[in-house]
Protein chains: 2
Amino acid sequence: MMFSDAIVVNGPLNLNSKEHLLQEHSHAKFGPPGLMALPEPSSDNEGRKIARKKQKRRLSREPGEDGDDRTREHPFIVTEPGEVARGKKNGLDYLFDLYEQCARFLDEVQQISRERGEKCPTKVTNQVFRHAKLKGASYINKPKMRHYVHCYALHCLDREKSNYLRKLFKERGENVGAWRQACYYPLVDMARENGWDIEGVFIRNEKLRIWYVPTKLRQLCHLEKSKDSDSCSYE
Amino acid sequence: MMFSDAIVVNGPLNLNSKEHLLQEHSHAKFGPPGLMALPEPSSDNEGRKIARKKQKRRLSREPGEDGDDRTREHPFIVTEPGEVARGKKNGLDYLFDLYEQCARFLDEVQQISRERGEKCPTKVTNQVFRHAKLKGASYINKPKMRHYVHCYALHCLDREKSNYLRKLFKERGENVGAWRQACYYPLVDMARENGWDIEGVFIRNEKLRIWYVPTKLRQLCHLEKSKDSDSCSYE
DNA sequence: AACCCGGGCGACCATCGGACGCTGGTGCC
DNA sequence: GGCACCAGCGTCCGATGGTCGCCCGGGTT
């Protein structure tokens, strides 16, 4: 009754959005790099400056036209594994899938950087979010992804506990915010079991490695560690 | 006639400066962290904002008063291993020692971050330079250290070749700039032998790991790689 | 003493990681 | 239909990695 791994769906998900025209970017070659002249600043880096205001037109959707060209993503609700969110909501399987999509976008960015001989990111950076947007994944954005990183971490590190928490909070009718808060504590326990090295816990996990440890989680660990050592020693 | 390692002096060095009142920072404890209140932004991070303008008074040194309170460090000249720079110059052993000092400052910064439960840098960052300055090592600064990273890299990765280059350029009476340029090419060769993974070459070396790969070196590798594949295949 | 060469490093810049809170979607009554 | 709740994400902010070129030290004449 511990890690059960790899059971949870990768199935339907994302019922309410229909942006999947991406997903299958084969790591293509993009042709020979073109021999950039060395003493110059750098090659044009994936439309960082250029094409900046190409955002989706906001505030222009006609009411009644629903489901597509949505102004903002439907909010998440607490769903149990495999459960499809009903109504104008997204489920947690979909949330977690977003993290996997980001990992794929990071792969692509790394591929491109390597081809160009540029610095190669090891984490999901601004550049990756920019790339995702460019590829049409407009439903991915930094604040959202950072907001739920620790929930995804629990999902990666202890599927069992993660699933249990989802069921529990769903049952109780708790909102997403409450569930999200609750996700911190199992992680703090895990950090404790690993000598309080939360960074290491992330880095040792294949999927988590690419995500920054959230500040709040790091702080919680530090706080708890201080409490621990206060109460059982006076060094 | 390859890696001979660990022969080069760690001796006299730094004849013209007398700032070594640092060197021996034992990784002390600094007392208990103080249990920062969680929801707050962050604890005051090593005088990042505070004490900012505490710089050395410039333009106020009286002429004739030499050797101390110098406005700027003496320029480097090409010296061979163990050779002491004469006159108002610094030698390359001293330059390389500066990199070792930075490594020690990084250690300290990491120690402090870990105690405070803050993000722990793995590289020599701005924070490390700030810390060095705070500890009195005012002769260490970012532009200088970044400027010669690849020279230090050669020194770490192929002492033999590095020493040879120093002797050669000294003999020829070349200036520091010329020697510095020359340091790139052996490194490019080394990258070639390692599948053009210059990042990996740095990371695999204990001492280099903490330094960012200089852009110019990365670009040179990329350029050379393109040339290679152009001339021996048409894929 | 005057001059010029060369390089040290102050200071700037684009971009980064990180966070807040406004806006407006959503379900309930 | 109106309202209250709450969360998505635009947008800001301090700090970062990276660099350029000014200024002036130093050797030469």
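In this text the structure is predicted, and so the values were computed from the model without any measurement. In what follows, chains carry the letters A, B, and so on, assigned in the order in which the sequence lines appear, proteins first and then strands, with residues in each chain numbered from 1.
Scanning for side-chain contact (heavy atoms from CB on, under 4.5 Å) contacts around A:K167 gives A:E80, with sequence neighbours left out. Scored by the side-chain contact (heavy atoms from CB on, under 4.5 Å) test, A:L106 finds A:Q110, A:P121, A:V124, A:V128, A:I210 as partners (sequence neighbours excluded). For A:Y212, the side-chain contact (heavy atoms from CB on, under 4.5 Å) criterion is met by A:K123, A:T125, A:R146, B:K119, not counting sequence neighbours. A search for side-chain hydrogen bond (donor to acceptor under 3.5 Å, both in side chains) contacts involving B:R114 returns nothing, not counting sequence neighbours. Every residue two or more places apart in sequence or in another chain that forms a ring-ring contact (aromatic ring centres under 6.0 Å, His included) with A:F76 is listed here: A:Y148.
Rounded to whole Å, atom C1' of D:dC24 lies 12 Å from atom NZ of B:K89. Rounding to whole angstrom units, OH of residue B:Y212 and P of D:dT16 are separated by 10 Å. Regarding B:W179, its CH2 atom lies at a distance of 13 Å from the C1' atom of C:dG7, rounded to whole Å. For B:I77 and D:dG26, the CD1 to P distance is 12 Å, given to the nearest whole Å. Atom CD in B:E118 sits roughly 15 Å away from atom C1' in C:dG17 (whole-Å rounding). Separating the CZ atom of A:F76 from the P atom of C:dT26 is a distance of 13 Å, rounded to the nearest angstrom. When rounded to the nearest whole Å, the span between NZ of B:K216 and C1' of D:dG17 equals 16 Å. In this structure, B:K88 places its NZ atom 16 Å from P of C:dG8, rounding to the nearest Å.
With no hydrogens or angles considered, no side-chain donor-acceptor pair links B:Y185 and B:E224 at under 3.5 Å.
One finds no side-chain N or O of B:R130 lying less than 4.0 angstrom from the OP1 or OP2 phosphate oxygen of D:dA15. An OP1 or OP2 oxygen of D:dT19 is reached within less than 4.0 angstrom by a side-chain nitrogen or oxygen of B:T215. For the pair B:N126 and D:dG17, the criterion of a side-chain N or O lying under 4.0 Å from OP1 or OP2 is met.
Atom SG of B:C156 is separated from atom CZ of B:R209 by 11.5 Å, given to the nearest 0.5 angstrom.
When distances are taken from the side chain of A:K142 to each of C:dA19, C:dT26, D:dT16, the shortest belongs to C:dA19. If you check D:dC9, C:dA19, D:dG25 against the side chain of A:N141, the one that comes closest is D:dC9. Checking C:dG7, D:dA7, C:dG17 against the side-chain heavy atoms of B:V176 singles out C:dG7 as nearest. With distances taken from any side-chain atom of B:R72 to the nucleotides D:dT16, D:dG8, C:dG8, the minimum falls on C:dG8. Checked against C:dG25, C:dT26, D:dG25, the side chain of B:H74 finds its nearest nucleotide in D:dG25. In the set C:dA19, D:dG17, C:dC9, D:dG17 carries the atom at the smallest distance from any side-chain atom of B:T125.
A salt bridge links B:R166 to B:D93: at least one charged side-chain nitrogen sits closer than 4.0 Å to a carboxylate oxygen.
Annotation: the terminal axes of the helix from C:dA1-D:dT29 to C:dC29-D:dG1 meet at 10°, where each axis is the rotation carrying the C1' atoms of four end pairs onto the next four (5 pairs per end, rounded to 10°).
In this structure, B:N175 reaches the sugar-phosphate backbone alone: every heavy-atom distance under 4.0 Å involves primed, P, OP1 or OP2 atoms, never a base. Using a 4.0 Å heavy-atom distance criterion, B:P143 is classed as a base contact.
Between A:K144 and B:K123, the residue anchored nearer the 5' end of DNA chain D, judged by the nucleotide with its closest heavy atom, is A:K144. Along DNA chain D, the nucleotide nearest to A:Y148 and the one nearest to A:K119 differ in position, and the one closer to the 5' end is contacted by A:Y148.
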